[in-house]
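Here the structure comes first, spelled out in structure tokens, and everything after it is commentary.
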Amino acid sequence: MIVERDKDLKRLNTLGLSAKAVWYAAPGSVKEVIELLSDTRFTALPKLVIGSGSNTLFCEDYNGLVVRPAIMDISISEISDKSLKLKVGAGVDWDKFVAYCVDRGWGGVENLSGIPGCVGASPVQNIGAYGSEAKDTIVLVDYIDICTLQQRRLTAPECHFGYRESIFKQELKGKTIITYVTFELALNPVVNTTYADVKERLKSAENPTLYDIRKAIIDIRKAKLPDPAEVGNAGSFFKNPIVEESFAEKLMESNPTLRLYPSSPGFTKIPAAWLIEQCGFKGVRELNVGVHKNHALVLLAYEGATGRELLEFAQKIKRTVKARFSIDIDMEVNVTASS
Ligand code: EPU
């Protein structure tokens, strides 16, 4: 395993922000992760795990060790009449994993097609889209405890999954390197077309297959979301706020274009994109940063943007939404600083 010094991270984050890591390594196995963490050069240094950097905002150089797990193997760990369990290395590209399942007729992750990132990041923020969440198929998460170097395993209930939430963003934040995620996939899948955009796109398909779902979702994403290869972005920049139902209903009375989404009983999810659009930010550019013209939840970092500039712009959006609607919108991206 090569350990690099003063690594340029610009190509390792989808916002394309310039930053350097004092140390950087991409361990390819559990053994290499343990070797890396045992190296006394890094013991006292802060450590950051980045996956494919699709949810990371670098505000400054990282004064520590950046780890990009590159464990790439996939194996079937169990099989029954109805389902199979697939143990997938944290470094596997998420969408390649989805394609791998769809190609074999294994159902459960097809609605999560086209999401940038690595398998290892999927349980951290419980990625979700088009009526599915990673938690619907995850059964086990294996990780290494950064402090003790012990290998640990959590079952899905122990991960405390919620909307864009898990134990890895709470009690275990910054304390783990996820090595493998095990998914349970259906051998006789039933497709999920409940999400309005998906239903609309597949209205003329009689019995949509996993392929049809995957294609429809990739097409929807392409139409709405910018490609990080063309302009720096991290997908949804904010989470959709969850408010009390009575509050949302009042808001709807004066705003008939508002669409509400289900949450836990008594609560409703409000699209942050709608709030941001109403505040006039959609399609706006300020110097090197902006809001995408087709989707107000996606912030853009044009060439030359700095992490600070983007963060200040995001804070301005957050303040404006709060002043107009009395709603707090929280960032989905992780702001990274080592000091
Ligand atoms: N909307 C607007 N203006 C916009 C865009 C959307 O008002 O510019 C409103 C519309 O009413 C629309 C609603 O927002 O019906 C929801 O929009 P969309 O279906 O695009 O979903 P979202 O809530 O904005 C979430 C996820 C996405 C995921 C989609 C589809 C979060 C933070 N984001 O976005 O995830 O693809 O649902 O399921 O929950 C990501 O995490 O990076 C991501 C792209």
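As the structure lists them, so they are numbered: ligands from 1, and atoms in each ligand from 1.
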List ligand 1 atoms under 4.0 Å from [X], heavy atoms only on the residue side.
X: Trp274; result: 2 (C), 7 (O)
X: Ala296; result: 4 (C), 8 (O)
X: Tyr195; result: 18 (P), 19 (O), 21 (O), 30 (C), 37 (O), 38 (O)
X: Gly235; result: 42 (O)
X: Ala129; result: 28 (C), 36 (O), 38 (O)
X: Lys224; result: 18 (P), 19 (O), 20 (O)
X: Tyr163; result: 31 (C), 32 (C), 39 (O)
X: Glu332; result: 32 (C), 41 (O)

With the threshold set at 4.0 Å, does a side-chain nitrogen-carboxylate oxygen contact exist between Asp95 and Arg214?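 Here Asp95 pairs with Arg214 in a salt bridge, since their nearest N and O are under 4.0 Å apart.
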Whether Glu133 and Arg164 form a salt bridge (side-chain N of Lys/Arg under 4.0 Å from carboxylate O of Asp/Glu) is what I want to check.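 Judged by the 4.0 Å cut-off on N to carboxylate O distance, Arg164 and Glu133 do not form a salt bridge.
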Who's closest to atom 22 (P) of ligand 1 heavy-atom-wise, of Ile270, Leu258, Asn240, Asn294?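 Of the listed residues, Asn240 has the closest heavy atom.
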For atom 27 (C) of ligand 1, is the nearest protein heavy atom closer than 4.0 Å?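 At least one protein heavy atom is under 4.0 Å away.
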Check which hydrophobic residues are tied to Val298 through side-chain heavy-atom contacts below 4.5 Å, counting indirect links as well, and list them.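 Direct or chained contacts put Val298 with Leu225, Val231, Leu300, Tyr302.
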Would you confirm whether the ring centroid of Tyr143 sits within less than 6.0 angstrom of the ring centroid of Tyr180?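 No, ring centres 6.0 Å or more apart.
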Under 4.0 angstrom from ligand 1, any heavy atom of Arg221?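 For ligand 1, residue contact (heavy atoms, under 4.0 Å) with Arg221 is present.
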Would you say Arg164 touches ligand 1, if touching means a heavy atom closer than 4.0 Å?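 Yes; Arg164 lies near enough to ligand 1 that a heavy-atom distance drops under 4.0 Å.
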Does the ring of [Y] carry [X] above it, NZ/CZ under 6.0 angstrom from centre and within 45° of its axis?
X: Arg259; Y: Tyr261; value: no
X: Lys7; Y: Tyr24; value: yes
X: Lys269; Y: Tyr163; value: yes

Residue that, paired with Asp330, satisfies salt bridge (charged side-chain N to carboxylate O under 4.0 Å, His left out) out of Lys318, Lys239, Lys322: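 Of the listed options, the one satisfying the test is Lys318.
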Which protein heavy atom lies closest to [atom], and at what distance to 0.1 Å?
atom: atom 6 (C) of ligand 1; answer: Ala273 CB, 3.5 Å
atom: atom 13 (C) of ligand 1; answer: Tyr261 OH, 3.5 Å
atom: atom 38 (O) of ligand 1; answer: Tyr130 N, 2.6 Å
atom: atom 42 (O) of ligand 1; answer: Ser236 N, 2.8 Å
atom: atom 14 (O) of ligand 1; answer: Pro271 CB, 3.1 Å

Can an N or O of Glu277 be found at a distance shorter than 3.5 Å from an N or O of ligand 1?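 Between Glu277 and ligand 1, an N or O pair is found under 3.5 Å apart.
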Answer side chain, backbone, both or neither: which part of His295 comes under 4.0 Å from ligand 1, heavy atoms only.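 Both backbone and side chain.
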Side chain, backbone, both or neither: which part of Phe238 comes within less than 4.0 Å of ligand 1 when only heavy atoms are counted?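 The answer is the backbone.
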Over 12 foreign heavy atoms within 6.0 Å of CD, Gln315: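 Yes.
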Within the supplied structure, the quantity of interest is the number of heavy atoms (other residues, nucleotides, ligands) at a distance under 6.0 Å from Arg41 CZ; does it exceed 12?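 Yes, the 6.0 Å shell around CZ holds more than 12 heavy atoms from other groups.
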Is it true that Leu17 and Leu311 fall in one hydrophobic cluster, defined by side-chain heavy atoms closer than 4.5 Å?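 Yes, same cluster.
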Hey, mind stepping through Leu86 and Ser75 against side chain to side chain contact (heavy atoms under 4.5 Å, CB included) and telling me if it holds? CA-CA 6 Å; Leu86 205 59; Ser75 60; over 6 Å; no
